[in-house]
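One structure is given below, encoded as structure tokens.
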Amino acid sequence: MPELPEVETYRRYLEANVLGRQIAVVPHIDNSMVRHADPLALVAQLEGSHISSTHRHGKLLFANLSRGGHLVMHFGMTGDLKCHPPGEEPRHARLVLDFETGDSMTYVCQRKFGYLSLADDPEEFVSALGWGPDALNGLDETVFAAGLASTRTPIKAVLMDQRRWAGIGNLYADEALFQAHIAPTVPGNELGPRRRRRLFSAIKEVLRTAVSRGANFDAYPDGYLLTARVPNAPCTNCGASLSATKVGGRTTIYCPRCQRR
DNA sequence: CGTTATGTTCGATG
DNA sequence: GCATCGAACATAAC
């Protein structure tokens, strides 16, 4: 579940359920998931801390720890957060926090493509990764235009490149291109000002809408590709059969009739 | 058995 | 340096 809207939903979940509650003990951690930090140091910072605030940049979530530092969470393709009674950890638990108040919260990551870390400063961590501004809160049209103008790479691959701007993955790239009526294979530098503006607006609109619905696909508006993103399904816009292909190495679903080159 | 999966990185090649 | 392609990571579902 982990593109920008999903991670923003996790952030709000932390704010609503975990903020200010002291972590008594960390009964389980998968050391192989910890990057750029010492697992023992991470546990040491977690135990006795409470989360005092949260921050998100692209697909990265940061939890400010009261004893110092930030717990960093990346969710890969299969990450999730879940509160539950102590001792009832979900499958594929990679980090479990037991709170003094009684229950627990688990970071789950089935495929282990995500990672955990400990950072002094969130924005320093982000810039060390070389990532661009947050696609929802930090990306402006000037940067967007410059990012497209400088490359012949297919627009979909450009949208997913975290070094240009952070947070858009395979599904929301398809959705934004669908809403903007732009074919995924168009080279970035072939989009004129008009279509570029339409795409910029579509990105913001799609991300805002997804966040406001808690990244729940079932709650997305009629006409969203993500409500029926299946090869050969009828386009919600024109009824044509949706095509499937690969762009940027990822499965891509689009309408060959309404999305123009 | 083979294929696919909401992510990212690295190496080979042109 | 840039772009493209494929493989790799680890695990499950169909």
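The analysis underlying the following values was restricted to heavy atoms, covering all of them including side chains, and did not include hydrogens, waters or symmetry mates. Below, chain A is the first sequence line, B the second, and so on; all start at residue 1.
Using a 3.5 Å distance cut-off with no hydrogens or angles, the side chains of A/Thr106 and A/Glu89 do not pair a donor with an acceptor.
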Under 3.5 Å, which N/O atoms of the protein pair with N/O atoms of nucleotides 3-5 of chain C?
| unit_1 | atom_1 | unit_2 | atom_2 | d |
| --- | --- | --- | --- | --- |
| C/dA3 | OP1 | A/Thr151 | OG1 | 3.0 |

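Shown for residues 106-139 of chain A: residues whose heavy atoms fall under 4.0 angstrom of DNA chain B, namely A/Arg111, A/Phe113, A/Trp131.
In this structure, A/Phe217 atom CZ and B/dT6 atom P are separated by 10 Å, rounded to whole Å. Spacing between atom CZ of A/Arg250 and atom P of C/dA7 amounts to 16 Å, rounded to whole angstrom units. Between A/Asp80 atom CG and B/dG7 atom P the separation is 15 Å, expressed in whole Å. Summarising the geometry, the separation between OH on A/Tyr10 and P on B/dG7 is reported as 11 Å, rounded to the nearest angstrom. Taking atom CG on A/Leu225 and atom P on B/dT6, their separation rounds to 13 Å, with Å as the unit. When rounded to the nearest whole Å, the span between CE of A/Met77 and P of B/dT9 equals 14 Å.
Here CG of A/Leu61 is found 6.5 Å from CG of A/Leu81. Values are rounded to the nearest 0.5 Å. The CG atom of A/Leu136 sits 11.0 Å away from atom CD1 of A/Ile203, with the distance rounded to the nearest 0.5 Å. The distance from atom CD of A/Glu47 to atom CG of A/Asp98, rounded to the nearest 0.5 Å, is 9.5 Å. The distance from atom CD of A/Gln179 to atom CG of A/Asp174, rounded to the nearest 0.5 Å, is 11.5 Å.
Tested against A/Cys235, the residues A/Pro256, A/Cys255, A/Ser241 include a single side-chain contact (heavy atoms from CB on, under 4.5 Å) partner, A/Cys255. Exactly one residue among A/Arg195, A/Arg260, A/Arg196 makes a side-chain contact (heavy atoms from CB on, under 4.5 Å) with A/Ile182. That residue is A/Arg195.
C/dG6 and B/dT3 have their P atoms separated by 14 Å, given to the nearest Å.
Annotation: side chain of A/Phe125 is in contact with side chain of A/His36 (closest heavy-atom distance under 4.5 Å).
The side chain of A/Thr251 contributes an N or O atom lying less than 4.0 Å from OP1 or OP2 of B/dA5. Of the side-chain N and O atoms in A/His92, one or more sit less than 4.0 angstrom from OP1 or OP2 of C/dA12. Using a 4.0 Å cut-off, some side-chain N or O of A/His74 falls inside it from OP1 or OP2 of B/dT8. In this structure, A/Lys59 does not reach the B/dT6 phosphate: none of its side-chain N or O atoms is under 4.0 Å from OP1 or OP2. Contact annotation: A/Arg91 reaches the phosphate of C/dA12 (side-chain N/O to OP1 or OP2, under 4.0 Å).
Heavy-atom minimum distance, A/Ser32 versus A/Asp30: OG-OD1, 2.6 Å. Between A/Val247 and A/Thr185, the closest heavy-atom pair is CG2-CG2, 3.9 Å.
Within the 3.5 Å criterion, the main-chain N or O of A/Gly169 finds a donor-acceptor partner in the side chain of A/Glu3.
Within 4.0 Å (heavy atoms only), A/Arg163 reaches no atom of the nucleic acid at all.
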task = Could you provide the dot-bracket string of DNA chain C, using ( ) for intrastrand pairs, [ ] for crossing pairs and | for bases paired to another strand, with Watson-Crick or G-U pairs below 3.5 Å?
result = .||||||||.||||
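Using the six-membered ring where Trp is involved, A/Phe62 and A/His55 have ring planes that are tilted, between 30° and 60° apart.
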